[in-house]
Amino acid sequence: MHREPVLLVVAHGSRDPRHAATVHALVRRVRSLRPGLRVETGFLDFNIPSVQGVLESLAARGVRDVVALPLLLTRAFHAKADIPAVLRDAPPRLRIRQAEVLGPSPLLLSALERRLYEAGLSPADKSSTGVVLASAGSTDPEAIAVIADIAREWRHTGWCAVRPAFASAALPRTEDAVRALRNLGCARVAVAPYVLAPGRLPDRIARGAADADVLADVLGPAPEVARLLLEKYDEARVPALAAVGA
């Protein structure tokens, strides 16, 4: 019987201590959902352990197979360049598969709604509430287009309107999207941060939400996010296990 690949959650890292604390809380929830699975966390920058350090430690302990899962919502620069570069420098004895980024996914929409309801809304408020889907932003046009697509899809679930917004690198800003929803006539405006952990850009989203009626929390360790990590792991590990058995 072959041992399951180790799940390595690859997080961005931040100088803000809330970031790592939130990542670790999410990973704890993942472990609780699948107790037999070995789950490790590595950071690209600012925090320890580094991804490289975790990979070297795993290799030294005899691990052969790893699924590296980017803790990212869109396929922007980190998923396309940074993470593959780090994985290429891993110890050669490791067989590593890079899982897909988390978004888009119905589970993320469920997590966004969970956070809005925790912030005071109810399902009965949907038709009268405009929502700003506020992401960190990216210079990657593919990532920006995905956020716009998610906003359109989410609008069809019953909200008064859903508008995308970005904390950096793209427009509109959160405050402009809030104003647009007011002008559209939505009775209530809510801001839903489409981000995984606190930090500089989520704080910018929060400042932009000053004139909104509701500001939801970041996605963080929402149960739906933890389930999604395992979903992406399972999608990536099947070829890995097939390779082991070959």
Side-chain angles (χ1 to χ4, degrees), residues 22 26 71-76 79 100-228 231-232:
T22 302
L26 174 58
L71 200 57
L72 300 168
L73 297 175
T74 58
R75 270 186 52 76
E100 289 296 324
V101 297
L102 300 179
S105 166
L107 284 169
L108 290 173
L109 289 182
S110 297
L112 286 164
E113 295 205 351
R114 170 189 292 276
R115 293 302 190 224
L116 285 168
Y117 297 151
E118 289 171 351
L121 293 179
S122 75
D125 296 322
K126 287 183 81 165
S127 62
S128 59
T129 302
V131 180
V132 177
L133 179 69
S135 87
S138 172
T139 55
D140 188 312
E142 178 190 345
I144 296 301
V146 165
I147 301 299
D149 288 344
I150 293 168
R152 279 192 292 272
E153 178 185 342
W154 202 16
R155 160 72 182 84
H156 294 144
T157 66
W159 296 100
C160 171
V162 180
R163 294 286 174 87
F166 307 94
S168 68
L171 296 173
R173 294 286 184 256
T174 303
E175 51 269 34
D176 299 324
V178 169
R179 193 176 307 113
L181 290 171
R182 291 264 186 239
N183 293 339
L184 201 60
C186 297
R188 189 182 298 99
V189 176
V191 173
Y194 190 61
V195 293
L196 286 165
R200 180 175 57 86
L201 294 178
D203 284 349
R204 188 179 294 172
I205 290 170
R207 289 193 296 273
D211 292 331
D213 301 294
V214 172
L215 170 62
D217 200 357
V218 298
L219 295 171
E224 297 84 358
V225 179
R227 283 170 50 205
L228 182 55
E231 213 173 77
K232 295 298 181 184

Worksheet item: For Ala165 and Val132, which heavy atoms make the closest approach, and how far apart are they?
Response: CB-CG1, 3.6 Å
Worksheet item: Does any non-hydrogen side-chain atom of Val101 lie less than 4.5 Å from one of Leu73?
Response: no
Discussion item. side-chain contact (heavy atoms from CB on, under 4.5 Å), that's the test. Do Leu133 and Leu112 meet it? Break it down for me.
Written reply: CA-CA 9 Å; Leu133 179 69; Leu112 286 164; 3.7 Å; yes
Item to complete: List in chain and number order the residues that pass side-chain contact (heavy atoms from CB on, under 4.5 Å) with Arg152, two or more places apart in sequence or in another chain; answer none if no residue qualifies.
Response: Ala148, Asp149
Discussion item. Tell me the closest heavy-atom pair linking Ala119 and Ala216, and the distance in Å.
Written reply: CB-CA, 4.0 Å
Discussion item. So, taking the atom named CG in Asp211 and the one named CG in Asp213, what distance separates them when rounded to the nearest 0.5 Å?
Written reply: 9.5 Å
Worksheet item: For Arg163, which residues count as a salt bridge (Lys or Arg N to Asp or Glu O under 4.0 Å) partner, sequence neighbours excluded?
Response: none
Worksheet item: Taking only residues two or more places apart in sequence, or in another chain, which ones meet Val146 in a side-chain contact (heavy atoms from CB on, under 4.5 Å)?
Response: Thr74, Pro104, Ile150
Worksheet, complete the sentence: Residues at least two apart in sequence or cross-chain that pass side-chain contact (heavy atoms from CB on, under 4.5 Å) with Asp203, listed by chain then number, are Asp16, Arg18, Arg207
Worksheet entry | Minimum heavy-atom distance between Leu181 and Ala161, given as atom pair plus value | CD2-CB, 3.6 Å
Worksheet item: Do Leu108 and Tyr194 have side-chain heavy atoms sitting under 4.5 Å apart?
Response: yes
Item to complete: Quick one: closest heavy-atom pair of Ala197 and Pro202, and the distance?
Response: O-CG, 3.3 Å
Worksheet item: How would you list, by chain and number, every residue that makes a salt bridge (Lys or Arg N to Asp or Glu O under 4.0 Å) with Arg200, sequence neighbours excluded?
Response: none
Worksheet item: Going by heavy atoms in the side chains, are Val214 and Asp125 under 4.5 Å from each other?
Response: no
Worksheet entry | Contacts of Glu100 that satisfy side-chain contact (heavy atoms from CB on, under 4.5 Å) - sequence neighbours left out | Arg75, Lys232
Extract all donor-acceptor atom pairs below 3.5 Å that involve side chains of residues 168-175 and protein atoms in other chains or at least two apart in sequence.
residue	atom	partner	partner atom	Å
Ser168	OG	Ala136	O	2.9
Arg173	NH1	Phe166	O	3.3
Arg173	NH1	Ala170	O	2.4

Response to the item:
The salt bridge (Lys or Arg N to Asp or Glu O under 4.0 Å) partners of Glu153 (sequence neighbours excluded) come to none
May I have the list of side-chain donor-acceptor pairs in residues 217-226 shorter than 3.5 Å, sequence neighbours left out?
residue	atom	partner	partner atom	Å
Glu224	OE1	Arg114	NE	2.9
Glu224	OE2	Arg114	NE	3.0
Glu224	OE2	Arg114	NH2	3.0

Worksheet, complete the sentence: In this structure, CD1 of Ile144 is separated from OG of Ser135 (nearest 0.5 Å) by 5.5 Å
Fill in: Contacts of type salt bridge (Lys or Arg N to Asp or Glu O under 4.0 Å), residue Glu142, not counting sequence neighbours
Lys80
Fill in: Distance, nearest 0.5 Å, that separates CG of Leu228 from CG of Leu102
5.0 Å
Worksheet entry | Side-chain heavy atoms of Thr157 within contact of Lys126, under 4.5 Å | yes
Enumerate, atom names and distances included, each donor-acceptor pair closer than 3.5 Å involving a side-chain atom of residues 185-193, sequence neighbours excluded.
residue	atom	partner	partner atom	Å
Arg188	NH1	Ser128	OG	3.1
Arg188	NH1	Thr129	OG1	2.8

Worksheet entry | Summary of ring-ring contact (aromatic ring centres under 6.0 Å, His included) pairs that have at least one residue in residues 129-158, sequence neighbours excluded | Trp154-Trp159
